[in-house]
Amino acid sequence: MSEAAVPAPTHPTLEADIAAVLGRRSIVLVGMMGAGKSTIGRRMAARLHLPFTDADTEIETAAGMSIPDIFETHGEPYFRDGEARVIARILDNGPIVLATGGGAFMREETRNRIRDKAVSIWLKADPDVIMRRVRRRADRPLLQTADPEATVNRLLGEREPLYRNADLTIASRDVPHDRIVEECLEALHAHLIGARPTVGPTQDGLNATP
Ligand code: S3P
């Protein structure tokens, strides 16, 4: 590939600083179905030159069947146990960027593991954004209800108090994905290292970030 074809990172030092202090800790994205955990996680991993893992995909591989089939054949408690085991194994092999399923952070044992072995980011999305996105896919067993909107609202009510325990919160909304990725990286940098040094006076005399 020619050099020109390799996308240059927007802020090379931002990514390098984060990667340098992470050690074996991973970056874990939590939040509701449709919050964009996999899309944002994959892009963040590329920026940080880290592997990306989707917990749902790992669970499907470990079980040898799809998530709807796991729910149908074995039930939700079986799925949740498998989910906790898979996430524990993944976090033992960091650093990576991990997108978790929307219910994973409800389990205390998983929250504690994530706290100990990772930096967590809650991608917080409004109900209308979630509904618009989840309508595009029919593979979420929990939303196969008569009133998916009421289900999403109920789940948000139960889950948001726990998602709030994540280290960082970023509003997931309908803006270009790269903007959310950039906000995640800036928040990670501030959390892990502190605010980035400013450079230069600008024309109006204020300092600008590079
Ligand atoms: C679930 C979310 C799904 C998947 C499963 C259960 C949940 O993952 O783990 O259908 O409980 O919210 P996504 O959040 O990636 O859709």
Side-chain angles (χ1 to χ4, degrees), residues 26-45 51-91 96-114 118 120-174 177 180-181 184:
S26 291
I27 296 165
V28 175
L29 295 167
V30 305
M32 265 297 270
M33 301 172 253
K37 294 164 294 196
S38 302
T39 307
I40 300 302
R42 198 168 279 115
R43 286 169 185 247
M44 224 160 65
F52 170 76
T53 304
D54 187 309
D56 286 344
T57 309
E58 293 293 311
I59 296 160
E60 290 182 321
T61 305
M65 62 175 99
S66 70
I67 288 176
D69 286 346
I70 302 173
F71 269 73
E72 197 180 318
T73 311
H74 300 291
E76 184 175 351
Y78 177 93
F79 170 78
R80 296 297 173 199
D81 289 345
E83 179 176 51
R85 273 198 307 277
V86 162
I87 291 175
R89 168 174 55 78
I90 293 168
L91 291 178
I96 53 139
V97 177
L98 172 67
T100 59
F105 208 57
M106 299 306 104
R107 199 176 263 227
E108 187 180 12
E109 167 201 350
T110 298
R111 282 199 303 281
N112 291 343
R113 273 218 175 80
I114 292 174
S120 51
I121 303 177
W122 172 22
L123 286 184
K124 182 174 192 284
D126 290 339
D128 57 325
V129 172
I130 292 171
M131 282 316 297
R132 261 202 311 280
R133 293 180 183 167
V134 297
R135 278 204 184 97
R136 294 181 203 143
R137 274 170 43 191
D139 60 351
R140 288 168 168 123
L142 294 184
L143 298 184
Q144 305 312 305
T145 61
D147 187 351
E149 198 164 356
T151 307
V152 162
N153 284 322
R154 176 181 57 78
L155 288 172
L156 278 174
E158 292 167 11
R159 293 177 171 185
E160 288 203 333
L162 294 168
Y163 291 146
R164 262 187 209 111
N165 291 309
D167 294 312
L168 302 165
T169 300
I170 296 294
S172 173
R173 56 220 191 271
D174 287 334
H177 297 315
I180 308 284
V181 172
C184 287

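When a ligand or atom number is given, it counts from 1 through the structure's own listing order. Positions are given from 1 along the sequence.
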Arg111 bridged to Glu108 by N-O distance under 4.0 Å | no
Output for pair (Ile90 CD1, Arg85 CZ), nearest 0.5 Å, gives 12.5 Å
From Thr145 atom OG1 to Arg140 atom CZ, the distance as rounded to the nearest 0.5 Å | 13.5 Å
Under 4.0 Å from ligand 1, residues with heavy atoms, in chain and number order, are Met33, Lys37, Asp56, Ile67, Phe79, Arg80, Gly101, Gly102, Gly103, Arg140, Pro141, Leu142, Arg159
Measure the shortest side-chain to side-chain distance between Asp174 and Arg132 over non-hydrogen atoms and say whether it is less than 4.5 angstrom.
-> yes
Working to the nearest 0.5 Å, report the span between OG1 of Thr169 and NZ of Lys124.
-> 8.0 Å
Residues Thr39 and Arg133: side-chain donor-acceptor under 3.5 angstrom = no
